[in-house]
Amino acid sequence: MRILCVAEKPSIAKAVANHLAGRVVTHNVNGTPYVKNYCFDYNFRQWGQSSVTFTSAQGHITSSDFGPRYKSWQSCLPIALFEADINTTIDDKMKPVAENIRQQSRYAQIVFIWTDCDREGEYIGSEIRDLAVAAKPGIQVKRARFSNIERNHVIQAAGNPVDLDERQVQAVAARIELDFRLGTAFTRMQTLALKPLVEQADPGYKVISYGSCQFPTLGFVVDRYLRVKNFKPEPFWYIKVSHKKDDINVNFTWSRGHLFDRMAVTIMFERCLAAKQAKVVEMLTKPTSKWRPLPLTTLELQKCGSRFLRMTGQEVMKHAEKLYTAGWISYPRTETDQFSKDMDLKKLVEKQQQSQQWGQYAEMLMGGGFNQPRVGRNNDEAHPPIHPVNFVVPTQLSEPEKRVYEFVTRRFLACCSEDAKGVSAELGIEWGVEKFNAKGLTVLQRNYLDVYPYDKWESSQQLPPFTVGETFIPMEAKITDGKTTAPSYLTEPELLSLMDANGIGTDATMHEHVEKIKDRNYVMTRSIGGSRAPAAVAESAETTRGGRGGRGRGRGGRGGAAATARGGSGMLEFIPTTLGVALIEGYDQVGFETSLGKPHLRKEMELQMKAICAGTKTKYEVVQQNLDQYRNVYSRSVQQIDVLKTAIRKYVLQQNVG
DNA sequence: GCAAGGTC
């Protein structure tokens with residue numbers, strides 16, 4: 001038999017071929033430096049001794065475009081793009097890859113597809129199938145099911161081929177068509193209608209783009225901005241109690257937190273005073289632990305990057321990809337936070353023993369400290385969590401790459417460690433009818449914290465020994481007041497979490513949507529507590545900033561204090577530009593629950609894709625249904641374009657429009 | 001000049 005195997009990307013082709021082959025002969029492919037053909041013999045369980053060529057695509061092979069009649073922006077009304085013919089062609093860049101698959105198919109009886117086991121991978125598989133079948137009618141098409149590239153797992157997959165899942169293919173086809181039609185139509189419509197207005201304020205302005213991911217992303221930023229802007233501080237009051245014993249001062253927290261009614265607090269306080277004696281009702285210590293982190297996903301890598309490494313998601317991914325292609329870390333785009341049981345993690349820990357920085361810790365793990373990592377809830381069935389695959393001497397890396405590699409490695413070692421252990425103490429008192437409590441923590445074994453300095457868990461001051469039933473008159477007690485504080489602007493980790501929770505983008509693209517809304521000048525970023533942004537919106541926002549910072553108890557902190565409270569300076573916060581606010585507010589007014597700036601429509605589409613995968617809906621139904629719904633949004637937007645224009649004028653040109 | 005999804 002002659003078998004043509006095709007992976008989604010060159011790295012998978014190489015890795016799988018090396019697992020299957022005794023000896024591999026590598027051939028270059030004309031026109032592309034990345035894709036190679038790996039030729040070897042292999043005895044398949046189901047097909048017997050075969051001659052194999054293992055090659056790959058480089059992601060998606062085809063792309064969509066409108067016919068010449070619709071290409072020019074002047075050629076038609078944007079709404080025509082809802083049903084204009086779409087040509088699916090092979091991009092110029094992918095021509096050599098496609099030609100290679102065609103040629104190799106001619107020699108083969110079977111094309112065996114090894115794309116990632118996710119929806120997009122299934123679709124790329126269908127592109128490969130179409131090329132193969134066109135080049136060699138009657139060729140048999142099979143697909144490998146694999147979720148990592150461990151040798152045994154790969155051999156299992158090679159011996160148990162399945163069929164392509166046509167439903168997943170159709171689900172992705174629906175997404176592609178809808179994203180394309182809606183993205184292009186709304187982008188043209190709003191650019192043609194609104195650009196002249198925007199240009200009055202910003203002469204070089206290019207395109208006011210709409211996309212099913214970029215707009216909801218912008219919506220999150222605007223939503224938070226409006227909440228900050230419209231925030232009205234409210235005063236509150238609470239009872240503060242402290243007492244000294246054995247020379248240790250204990251501050252108690254009121255079980256009611258705080259109340260917005262001063263008189264009520266006064267009455268409660270007076271009852272406390274009347275009771276005179278406070279009584280200890282609870283004094284217990286119990287073992288506690290701080291859990292080691294979960295295995296690393298892309299989303300978590302990006303969030304930690306902005307918190308601890310002072311990098312944007314975009315930057316972290318750039319360096320992670322470099323480390324991946326150089327062979328230092330595993331594939332950086334994964335949603336999986338569980339290691340498969342058959343993976344040899346100790347072998348990976350062993351390699352880190354060479355490090356000057358964490359080598360000793362790795363040795364400790366090898367010497368018996370090793371613990372199987374926790375198992376998270378996510379598994380994309382395509383990639384393992386991000387982990388170091390080889391040790392690299394720091395001098396071989398650039399400064400930021402070094403930091404990303406260090407984080408990935410420390411995170412991995414932390415995953416393979418023991419939880420941190422400690423003892424928590426809780427002291428509860430009743431004073432009259434009011435309850436107060438105090439907490440203490442003693443850290444006994446730092447364990448994973450020793451290799452993972454990004455987490456903080458420190459012993460607090462010890463509580464003095466109290467016994468249940470003991471009474472005392474509190475040494476200090478008073479009514480204290482505070483003010484609720486405005487929420488802060490959205491940070492990048494928060495934005496990424498919101499996108500994740502609402503299904504906006506994928507692990508591989510989320511950071512691109514964030515970059516896109518910056519690039520379109522819909523939002524800007526600044527360091528928390530750092531220099532102020534030049535935008536007019538940011539300026540007026542400045543006046544609402546005083547007193548933010550303290551969450552819960554009104555500490556009345558200023559911006560600087562807030563920065564430290566939120567994980568250190570250097571982290572970015574997102575502030576919409578006047579244009580960004582205008583677009584979202586405009587669409588909110590035009591549409592009711594179908595505003596383009598809300599995640600609702602995209603969430604809906606995700607559900608419909610799942611329905612196609614489950615077989616309860618067809619691609620045709622989903623596409624038509626969505627087009628109908630968006631046709632509605634489109635015509636309302638055109639009818640009420642003045643609403644959008646007014647919003648733009650109000651913000652961009654700062655005209656008084658009453 | 002338009003989208004989002006892959007990947008280098």
So the salt bridge (Lys or Arg N to Asp or Glu O under 4.0 Å) pairs with at least one residue in residues 89-101 of chain A (sequence neighbours excluded) are A:Asp92-A:Lys95, A:Glu99-A:Arg102
Closer to the 5' end of DNA chain B via nearest nucleotide, is it A:Ile61 or A:Ser64?
-> A:Ser64
Which part of the nucleic acid does A:Lys195 contact within heavy-atom distance under 4.0 Å: base, sugar-phosphate only, or nothing?
-> base
What residues in residues 75-94 of chain A put a non-hydrogen atom under 4.0 Å from any atom of DNA chain B?
-> A:Met94
Nucleotide range of DNA chain B contacted by chain A, 5' to 3', under 4.0 Å to a heavy atom?
-> B:dG1 to B:dC8
Pairs satisfying salt bridge (Lys or Arg N to Asp or Glu O under 4.0 Å), at least one member in residues 326-340 of chain A, at least two apart | A:Glu321-A:Arg333
Across the strands shown, which category fits A:Arg602 at heavy-atom distances under 4.0 angstrom: base, sugar-phosphate, nothing?
-> sugar-phosphate
A:Lys518 meets the salt bridge (Lys or Arg N to Asp or Glu O under 4.0 Å) criterion, sequence neighbours left out, with A:Glu515
Residues forming a ring pair (Phe, Tyr, Trp, His ring centres under 6.0 Å) with A:Phe180, sequence neighbours excluded = A:Phe66
Could you tell me which residues satisfy salt bridge (Lys or Arg N to Asp or Glu O under 4.0 Å) with A:Asp85, sequence neighbours excluded, listed by chain and number?
-> none
For DNA chain B, the residues among residues 326-337 of chain A that have a non-hydrogen atom under 4.0 Å from it = A:Tyr331, A:Arg333
Can you sort out the partners of A:His319 under ring pair (Phe, Tyr, Trp, His ring centres under 6.0 Å), two or more places apart, ordered by chain and number?
-> none
Counting any heavy atom closer than 4.0 Å, what does A:Gln58 reach on the DNA or RNA strands: base, sugar-phosphate only, or nothing?
-> base
Got a sec, which residues hit salt bridge (Lys or Arg N to Asp or Glu O under 4.0 Å) with A:Asp507, two or more places apart in sequence or on another chain?
-> none
So what does A:Tyr210 touch, heavy atoms closer than 4.0 Å: a base, only the sugar-phosphate, or nothing?
-> sugar-phosphate
When the aromatic ring centroids of A:Phe146 and A:His153 are compared, is their separation below 6.0 Å?
-> no
Return the set of residues passing ring pair (Phe, Tyr, Trp, His ring centres under 6.0 Å) with A:His60 (not counting sequence neighbours), or none when no residue passes.
-> A:Tyr123
Touch check for A:Ser212, heavy atoms < 4.0 angstrom, all strands: base, sugar-phosphate only, or nothing?
-> sugar-phosphate
Under 3.5 Å, which donor-acceptor pairs link side chains of residues 209-218 of chain A to any protein atom two or more places apart or in another chain?
from     : atom 1 : to       : atom 2 : distance (Å)
A:Ser209 : OG     : A:Gln214 : OE1    : 2.6
A:Ser209 : OG     : A:Arg520 : NE     : 2.5
A:Ser212 : OG     : A:Asp179 : OD1    : 2.8
A:Ser212 : OG     : A:Arg602 : NH1    : 2.5
A:Thr217 : OG1    : A:Cys213 : O      : 2.7

Flag the pair A:Phe391 / A:Trp328 as yes when their ring centroid distance falls below 6.0 Å, and as no otherwise.
-> no
A:Gly121 near the nucleic acid: base, sugar-phosphate alone, or nothing, with a heavy-atom cut-off under 4.0 Å?
-> nothing
Of A:Asp118 and A:Ser209, the one whose closest nucleotide on DNA chain B sits nearer the 5' end is A:Ser209
Would you mind classifying the nucleic acid contact of A:Lys206 as base, sugar-phosphate or nothing, using non-hydrogen atoms under 4.0 angstrom?
-> base
